[in-house]
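Let me begin by presenting the structure, written as structure tokens, before commenting on it.
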Amino acid sequence: MSKTVHIPLKTNNQSINIALDTIQIGKQALIFVNTKRSAEKLSEDISKKIKHISLPTLSASILKAVSSPTKQCRRLSKIVEKGVAFHHAGLVSKQRELIEDKFREGVIKVICCTPTLAFGLDMPAFRAVIRDLKRFSVGTSWGMTDIPVLEYMQMAGRAGRPGKEDYGEAICIAQTESDKDFIEQKYIEGEPECIYSKLAVEPVLRTYLLSLIASHFVRTYDDIITFFSKTFWAYQFEDMNRLESIINKMLKLLVDFEFIEMSETTDDFVSAQEMAERKVKATKLGERVAQLYIDPLTANKLIEDMKASAEQDLTAFSVLHMVCSTLELRPYLRIKAKEVDKIEERYAEFADEILADEPEMFEDHYSDFMDSIKTSLFMYDWIEEKGEEYLLETFDIRPGEIKAKLDRADWLLYACVELSKIIGLTKVNKDITKTRMRLKSGVKEELLSLLRLKGVGRIRARKMFNNGIKDLKDAKTCDLTKLAQLIGRAISYKIKEQLGQKVTPIKENKRKGQINLNDFR
DNA sequence: GGACGGTGAAACTTCAGGTTGCCTC
DNA sequence: GAAGTTTCACCGTCC
């Protein structure tokens, strides 16, 4: 159903006008844009036009959501004060949740967001404004491309709050008349795209094939073919011969990687019957790869790298670059034009620690390789105790993205630790475990001992270390008063307890949580 | 006359997102 | 391809 709505033209920016009108009529809006920058800029521009809303408490809690606020946090906090917010993957989860909750409660009136809010979340609004129907894409269609109709529907579907309002408004913004006709035809009246099975994507197929075998869901070649012939993929693909040849290619790969074993055929000439009855079984290594749920190609690459470096010392940078060379860590942080020299310079420092072969400068994938170096350098700086503000300034990576990348790297490092156990690479196992521990907390090696204490993270450990408390022994002999001055009373009490020193809080004339220092020997 | 600030055009730069393992306070 | 950012020239104002 269409309806004519008049929006007062208070500015020459239609998105701002719609936002202001939505607030004016006492409703809420989600505005979808195509970049994180745009989401931030538009929400800021809208907030500047709002005079009558002031939410200082909420604004403060946005800053409090993180221990050391970055430029991004300060910007968001200022915008939120006016009942507006931006929302994208660069936010940390606490801030994201806060914004989502306050929007649901009706406190925040307008959110400018990337498509994050279109999928999965229960975040309806009276108005869903789709400002950008084009998005930059790389690969076969390089440049700005129209977003899929399905995605438009996801965003438009956020309009209207069932049970609370009778209807909602989904608004697209056209720049010209012909633009308007195009939008009407393609998106409003158009059909969504067909859905295609993703099973044929090689990493997906490799992973599923191995896990089917490892979990004993299939035991023979015939089982495999029968299983895949019943999938949606086969239904869509129709050509079972071609499908079988793809599966064969994958099976060969898994055999080459020593993740599965297939029983030998007796003769050079193999009958169809004989082929179908060939037994398929995962090796011990293959079983673990399947459990770890990593792409077999990645697993094999990591294993090869670890084997190749079995005899040498693996530095933190070589370990980080090893995991940063996998598909799982993509997309890499991209090197920007003005930082090429700086990254090259820093790379020179670590060049001899890289396990992979460095491509020649004129080769196609050189820039891709350098992006993987930049990604590794970001992680390296993290484990050298650089803060989020520094990482944002230096690598243009936002707090939420930092967390996402580190989580993935940690998962792969865990996989490396597990795989190195199975293939018996003790030394490699030790080096990787150490780097993984550093990555988890973002600390230099010297702090690892102190991190074993509960309640001690990178900040507290650094404080303790710089004040002469360098390991658990120092922490044990350290005077409680000194410790309490450094990192607080309550936490010092907990630390001493963990170290087996009995502490009894003073019962009389004390404030809550005060401790009897005389109890320490 | 020089420092400073505001303005607007031109040149330049950059571009969405999320699932998997396992554990531990 | 286009939005957002940076750079730079230009102009007016002030001391």
Side-chain angles (χ1 to χ4, degrees), chain A residues 13 15 32-45 75 86-91 93 96 112-121 130-139 141-148 151-152 154-155 173 175-176 179 198 201 203-204 206-208 210-211 287-296 298-299 302 323 326-331 333-340 371 396-398 400-401 403-419 421 433 436-437 440-441 451-457 460 491 494-495 497-498:
Chain A
N13 181 322
S15 308
F32 292 97
V33 295
N34 61 6
T35 64
K36 293 194 270 279
R37 256 188 198 176
S38 289
E40 294 181 14
K41 172 78 163 45
L42 181 59
S43 59
E44 191 172 50
D45 289 349
R75 193 179 190 188
F86 58 84
H87 189 291
H88 55 56
L91 300 186
S93 57
R96 264 204 248 188
C112 301
C113 56
T114 54
T116 25
L117 279 184
F119 301 94
L121 283 166
I130 300 115
R131 190 194 75 171
D132 301 329
L133 285 155
K134 285 182 188 296
R135 183 181 306 136
F136 181 83
S137 68
V138 281
S141 52
W142 196 90
M144 293 302 266
T145 50
D146 297 320
I147 62 165
E151 207 176 306
Y152 156 77
Q154 280 284 353
M155 298 193 271
I173 297 180
Q175 304 294 343
T176 60
D179 213 13
K198 288 273 192 289
V201 181
V204 178
R206 287 192 293 257
T207 310
Y208 279 100
L210 179 61
S211 67
E287 266 183 27
R288 196 69 189 110
V289 171
Q291 282 166 359
L292 292 166
Y293 213 78
I294 46 176
D295 178 358
T298 297
L302 295 174
V323 292
T326 62
L327 283 176
E328 281 79 353
L329 256 291
R330 283 165 191 265
L333 306 193
R334 284 182 47 208
I335 298 185
K336 291 168 192 181
K338 61 181 173 192
E339 53 185 27
V340 173
D371 287 348
D396 193 27
I397 183 166
R398 298 167 169 85
E401 297 162 320
K403 173 129 191 15
K405 277 273 178 282
L406 293 177
D407 274 356
R408 284 185 83 99
D410 178 57
W411 163 49
L412 286 177
L413 287 177
Y414 172 75
C416 286
V417 169
E418 290 300 298
L419 296 174
K421 264 188 224 165
T433 304
R436 184 177 173 228
M437 285 166 73
K440 246 182 144 51
S441 305
L451 284 175
R452 282 154 65 192
L453 293 166
K454 290 169 200 164
V456 177
R460 286 176 179 150
I491 192 74
K494 279 185 189 159
I495 288 175
E497 238 182 7
Q498 287 174 64

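First the proteins, then the strands, lettered A, B, ... as listed; each starts at 1.
Checking B:dG18, B:dA16, B:dT20 against the side-chain heavy atoms of A:Glu151 singles out B:dA16 as nearest. For A:Tyr293, the listed nucleotide lying nearest its side chain is B:dT20; candidates were B:dA16, B:dT20, B:dG18. Here the side chain of A:Ser38 is nearest to one of C:dG4, B:dG21, B:dG18, namely C:dG4. Comparing atom distances between the A:Arg75 side chain and each of B:dC22, C:dT5, B:dT19 picks out C:dT5 as nearest. Set against B:dG18, C:dT5, C:dA2, the side chain of A:Met144 has C:dA2 as its closest nucleotide. Side-chain atoms of A:Ala89 lie closest to B:dG17 of the nucleotides B:dT14, B:dG17, B:dG21. You'll find that the side chain of A:Arg131 is closest to C:dA3, out of C:dA3, C:dT5, B:dG18. Counting only heavy atoms from C-beta on, A:Gln175 has its side chain closest to C:dA3 among B:dC22, B:dA16, C:dA3. Considering only side-chain atoms of A:Arg334, the nucleotide from B:dG21, B:dC15, B:dA16 that sits closest is B:dC15. With B:dG17, B:dG21, B:dC25 as the candidates, the nucleotide lying closest to the side chain of A:Thr114 is B:dG17.
The phosphate of B:dC23 has neither OP1 nor OP2 within less than 4.0 Å of any side-chain N or O from A:Arg436. Residue A:Lys36 places at least one side-chain N or O closer than 4.0 Å to OP1 or OP2 of B:dG17.
Within 4.0 Å of A:Arg96, counting heavy atoms only, lie sugar-phosphate atoms of the nucleic acid but no base atom. No contact: A:Glu328 has no heavy atom under 4.0 Å from any strand. Across all strands, A:Pro331 comes closer than 4.0 Å to base atoms (heavy-atom distances). Within 4.0 Å of A:Asp295, counting heavy atoms only, lies no atom of the nucleic acid at all. Note on A:Lys134: nothing from the nucleic acid sits closer than 4.0 angstrom, heavy atoms only.
Ion pairing between a basic and an acidic side chain is recognised when a charged N comes within 4.0 Å of a carboxylate O; A:Glu40 and A:Arg37 show no such pairing.
In this structure, the side chain of A:Asp132 does not engage the main chain of A:Lys134 through any donor-acceptor pair within 3.5 Å. Between the side chain of A:Glu401 and the backbone N or O of A:Arg398, at least one donor-acceptor pair lies under 3.5 Å. At least one donor-acceptor pair under 3.5 Å links the side chain of A:Asp371 to the backbone N or O of A:Ile335.
The side-chain contact (heavy atoms from CB on, under 4.5 Å) test with A:Ile294 singles out one residue from A:Thr326, A:Leu419, A:Thr207, and that residue is A:Leu419.
The residue among A:Glu401 and A:Ile294 whose nearest nucleotide of DNA chain B is located toward the 5' end is A:Glu401. Place A:Gly90 and A:Arg37 on DNA chain B by their nearest nucleotides, and A:Arg37 ends up nearer the 5' end.
If you measure from atom CG of A:Asn34 to atom P of B:dG17, you get 11 Å, rounded to the nearest angstrom. At whole-Å resolution of the value, CG in A:Leu133 and P in C:dA3 are 13 Å apart. Look at CZ on A:Phe32: it is 19 Å from C1' on C:dA3, rounded to the nearest Å. Atom CZ in A:Arg135 sits about 15 Å away from atom C1' in B:dT14, given to the nearest Å. A:Tyr414 has its OH atom 11 Å from the P atom of B:dT24, to the nearest Å. If you take CG of A:Leu451 and C1' of B:dC25, they are 13 Å apart, rounded to a whole angstrom. We find that CD of A:Gln154 is positioned 13 Å from C1' of B:dG17, with the value rounded to whole Å. Per the geometry, CD belonging to A:Glu40 stands 13 Å off C1' belonging to B:dC15, to the nearest Å.
In this structure, the side chains of A:Tyr152 and A:Ile147 come closer than 4.5 Å at one or more pairs of heavy atoms. Counting heavy atoms from C-beta outward, A:Phe86 and A:Leu91 have side chains that approach closer than 4.5 Å. Between A:Met437 and A:Leu451 there is no side-chain heavy-atom pair separated by less than 4.5 Å.
In the helix from B:dG1-C:dC15 to B:dC15-C:dG1, the rotation axis of the first five pairs and that of the last five pairs differ in direction by 10°, rounded to 10 degrees.
Not counting sequence neighbours, the partners of A:Asp45 by the side-chain hydrogen bond (donor to acceptor under 3.5 Å, both in side chains) test are A:Lys41.
Nucleotides C:dG4 and B:dA16, compared at atom P, are 12 Å apart to the nearest Å.
A distance cut-off of 5.5 Å between ring centres, combined with a plane angle under 30°, places A:Phe136 in a stacking arrangement with the base of B:dC15.
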